[in-house]
Amino acid sequence: METFTDKLINAIREKRSVLCVGLDPQFKMIPVNIRKQVREAAGCSWHGIGAVFQAFNRQIIDAVEPFVIAVKPQMAFYEAYGDAGVWAFKETVKYAKGKGLVVIEDAKREDGGDTAQAYADGHIGQVDFWGEDDQTFSKKPSLDVDAITITAWIGQPMLDPFIEIVKSQGKGIFVVDKTSFRPESVIQQKKTEDGITNWEELAHRVFEWGYGTEGKYCYRNLGVVMGATYPEEAEIMRRILPDAWFLIPGYGAQGGGADGAVVGFNKDGYGGVVNSSRAITYAYAKGQFQCEPKNFAKAAAKAAEFARDDLNLALRVAGKLNW
């Protein structure tokens with residue numbers, strides 16, 4: 001079974017990239033030519049907004065696919081538009097996977113008991129579906145993403161349903177631990193009775209929970225979110241989690257540089273996937289790739305190529321470009 005981290009490593013080797021693009025559609029930011037086309041075809045409806053999201057994402061995916069290994073749609077932007085948005089999310093996942101890209105759902109779910117099981121089944125597992133008759137059931141994937149972000153402050157009751165699916169189906173989990181936001185979270189930085197920060201304590205728990213989730217390359221499929229804006233903490237995180245994969249937000253629009261983003265990578269050049277969202281998808285709007293809105297896809301392609309090369313240079317300087 002090819003696991004999530006196996007897919008990432010194979011993609012890195014094939015494309016020589018560690019870049020992930022966040023697909024966070026904002027209706028007001030989507031170029032007017034797309035909105036106009038959909039409005040003429042579907043009218044001013046909720047489904048029309050879902051169709052706008054789908055059309056925008058497809059063109060972004062086509063543009064960035066040569067330069068990225070994964071995409072990360074943030075569910076909040078889709079859920080805001082109800083069933084039309086969730087439809088667009090599912091169509092985006094299907095299209096990205098059809099292009100050979102790994103899909104990481106940024107959903108940050110958390111709960112315990114049956115609710116945690118429902119989250120796990122619905123997002124990375126399979127749910128009960130119609131069977132051959134009214135007395136039987138089959139199983140089908142609903143969202144069918146490769147990995148999901150979760151929060152884990154509830155602890156083991158939250159993790160168990162997800163870890164079971166990771167072990168049986170090879171999916172991936174990123175526990176939100178050290179985020180990229182500034183100012184940083186007071187709760188994350190607060191120290192425990194043992195004198196370490198809460199985020200370090202959580203990382204130690206992730207290390208314990210991750211036993212048995214390894215793929216064929218010996219990387220665990222239970223990883224953490226580790227913001228690119230805190231490179232010093234990334235070094236500590238790597239010491240705690242030598243075999244875990246890091247999802248690294250904060251590079252690009254949030255101010256994190258390539259040098260800081262690659263600090264958490266291992267010497268073999270693996271162990272991290274760096275996300276950039278607005279700086280690529282809306283590159284047409286400002287910055288060095290600014291252009292007419294109708295040319296947004298070309299701007300996104302140039303921004304993705306730049307980001308890939310920027311990160312690879314940083315890995316090379318750090319002595320970690322070994323693939």
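- Taking the side chain as every heavy atom from C-beta outward, V102 and I69 never approach each other to under 4.5 Å.
- Remark: K178 qualifies as a cation-pi partner of Y230 under the 6.0 Å distance and 45° angle criteria applied to the six-membered ring.
- The minimum heavy-atom distance between A96 and I61, with the atom names listed, is CB-CD1, 3.9 Å.
- Ion pairing between a basic and an acidic side chain is recognised when a charged N comes within 4.0 Å of a carboxylate O; K139 and D128 show such pairing.
- Counting heavy atoms from C-beta on, the side chains of Y284 and K298 never come closer than 4.5 Å.
- Here the closest heavy-atom approach between residue P231 and residue V263 is recorded as O-CG1, 3.4 Å.
- Taken to the nearest 0.5 Å, the CD atom of E79 stands 8.5 Å off from the CD atom of Q74.
- Interatomic distance, CD of E110 versus OG1 of T115, reported as 11.5 Å (0.5 Å rounding).
- Hydrophobic clustering of Ile, Leu, Val, Met, Phe, Trp and Tyr side chains at less than 4.5 Å, counting indirect connections, keeps V86 apart from L23.
- For Y119 and D114, the side-chain atoms include no donor-acceptor pair closer than 3.5 Å.
- Between the NZ atom in K90 and the CG atom in D83 there is a gap of 11.0 Å [rounded to 0.5 Å].
- Shown are E2, K15, K216; of these, the side-chain hydrogen bond (donor to acceptor under 3.5 Å, both in side chains) with N10 is made only by E2.
- Cation-pi geometry between K140 and F129 is satisfied (NZ or CZ under 6.0 Å from the ring centre, within 45° of the ring normal).
- Of the possible donor and acceptor atoms, none in the side chain of Q169 sits under 3.5 Å from a partner among the backbone N and O of V166.
- Linking Ile, Leu, Val, Met, Phe, Trp and Tyr residues whenever their side-chain heavy atoms come within less than 4.5 Å places W46 and I30 in a single cluster.
- Here the rule is side-chain hydrogen bond (donor to acceptor under 3.5 Å, both in side chains) with Y219, and of T3, N266, D243, D6 only N266 fits it.
- Q54 contributes no side-chain N or O that, together with a main-chain N or O of A88, makes up a donor-acceptor pair within less than 3.5 Å.
- Residues L202 and V175 meet the side-chain proximity criterion, which asks for heavy atoms closer than 4.5 Å.
- L222 contributes atom CG, which lies 13.5 Å from atom CZ of R205 (distance to the nearest 0.5 angstrom).
- Scanning both residues, N221 and G215, for their nearest heavy atoms gives ND2-N, 3.7 Å.
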task = Could you go through the salt bridge (charged side-chain N to carboxylate O under 4.0 Å, His left out) check for K99 and D62 one step at a time?
result = CA-CA 8 Å; K99 291 290 183 175; D62 287 342; 3.4 Å; yes
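- When side chains are defined from C-beta on, L101 counts as touching V68, because their heavy atoms get closer than 4.5 Å.
- Of the possible polar contacts, one joining the T229 side chain to the S180 backbone as a donor-acceptor pair under 3.5 Å is found.
- Separation of the F265 and F246 ring centroids does not fall under the 6.0 Å cut-off.
- Between the SG atom of C291 and the NZ atom of K286 there is a distance of 14.5 Å, given to the nearest 0.5 Å.
- Rounded to the nearest 0.5 angstrom, I163 CD1 and M158 CE are separated by 10.0 Å.
- Side-chain contact check for T281 versus D24: every heavy-atom pair is 4.5 Å or farther apart.
- For the ring-ring contact (aromatic ring centres under 6.0 Å, His included) condition, the pairs that include at least one residue of residues 151-175, sequence neighbours left out, are F4-F174.
- Between the D133 side chain and the T136 main chain, a donor and an acceptor come within less than 3.5 Å of each other.
- Within the 4.5 Å cutoff, no side-chain heavy atoms of Y78 are placed close to those of W87.
- Residues V224 and M237 form a side-chain contact, since some pair of their non-hydrogen atoms from C-beta on lies under 4.5 Å apart.
- A salt bridge is defined here as a Lys NZ or Arg NE, NH1 or NH2 lying under 4.0 Å from an Asp or Glu carboxylate O, and R238 with E235 fails to meet this definition.
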Intermediate values then yes/no, side-chain contact (heavy atoms from CB on, under 4.5 Å), I104 and V71 = CA-CA 6 Å; I104 303 167; V71 292; over 6 Å; no
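- A distance of 6.0 Å or more separates the ring centres of F53 and F89.
- Between I248 and G272, the closest heavy-atom pair is CD1-CA, 4.2 Å.
- K302 NZ: 12 or fewer foreign heavy atoms inside a 6.0 Å radius.
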request  = Could you give me the CA-CA distance, side-chain angles and deciding distance for V206 and L241, then say whether side-chain contact (heavy atoms from CB on, under 4.5 Å) is met?
outcome  = CA-CA 8 Å; V206 171; L241 296 168; 4.1 Å; yes
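- Within a 6.0 Å sphere centred on CZ of R39, heavy atoms belonging to other residues, nucleotides or ligands number 12 at most.
- Under 4.0 Å is where a charged nitrogen must lie from a carboxylate oxygen, and between D106 and K108 at least one such pair does.
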request  = Could you walk me through whether Y282 and F56 pass the ring-ring contact (aromatic ring centres under 6.0 Å, His included) test, one step at a time?
outcome  = CA-CA 11 Å; Y282 303 127; F56 178 73; 5.7 Å; yes
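- Listed for the R109 side chain is a donor-acceptor partner under 3.5 Å among the backbone atoms of A107.
- Hydrophobic clustering keeps F67 apart from L313 (ILVMFWY residues linked when any side-chain heavy atoms are closer than 4.5 Å, directly or through intermediates).
- W323 places a side-chain N or O within donor-acceptor distance of the main-chain N or O of G269, the cut-off being under 3.5 Å.
- Checking side-chain atoms of E305 against main-chain N and O of A303 turns up no donor-acceptor pair under 3.5 Å.
- Listed by first and then second residue, the salt bridge (Lys or Arg N to Asp or Glu O under 4.0 Å) pairs that reach into residues 145-164 are K7-D146, K97-D146, sequence neighbours excluded.
- Taking the six-membered ring for Trp, Y81 and F77 have ring centres at least 6.0 Å apart.
- Cation-pi geometry between R220 and F207 is met: under 6.0 angstrom from the ring centre, within 45 degrees of the axis.
- Closest heavy-atom contact between A42 and G48: CB-CA, 4.1 Å.
- In Q156, the CD atom is crowded: over 12 heavy atoms of neighbouring residues, nucleotides or ligands sit closer than 6.0 Å.
- Across all non-hydrogen atoms, the minimal contact from I165 to G125 is CD1-CA, 3.8 Å.
- Partner of V274 under the side-chain contact (heavy atoms from CB on, under 4.5 Å) criterion, chosen from L315, L247, L311: L311.
- Between V225 and D177, every side-chain heavy-atom pair lies at or beyond the 4.5 Å cut-off.
- Between D144 and K171 there is a salt bridge, since a side-chain N of the basic residue sits under 4.0 Å from a carboxylate O of the acidic one.
- Counting only distance, with no hydrogens or angles, the side chain of R308 and the backbone of L19 share no donor-acceptor pair below 3.5 Å.
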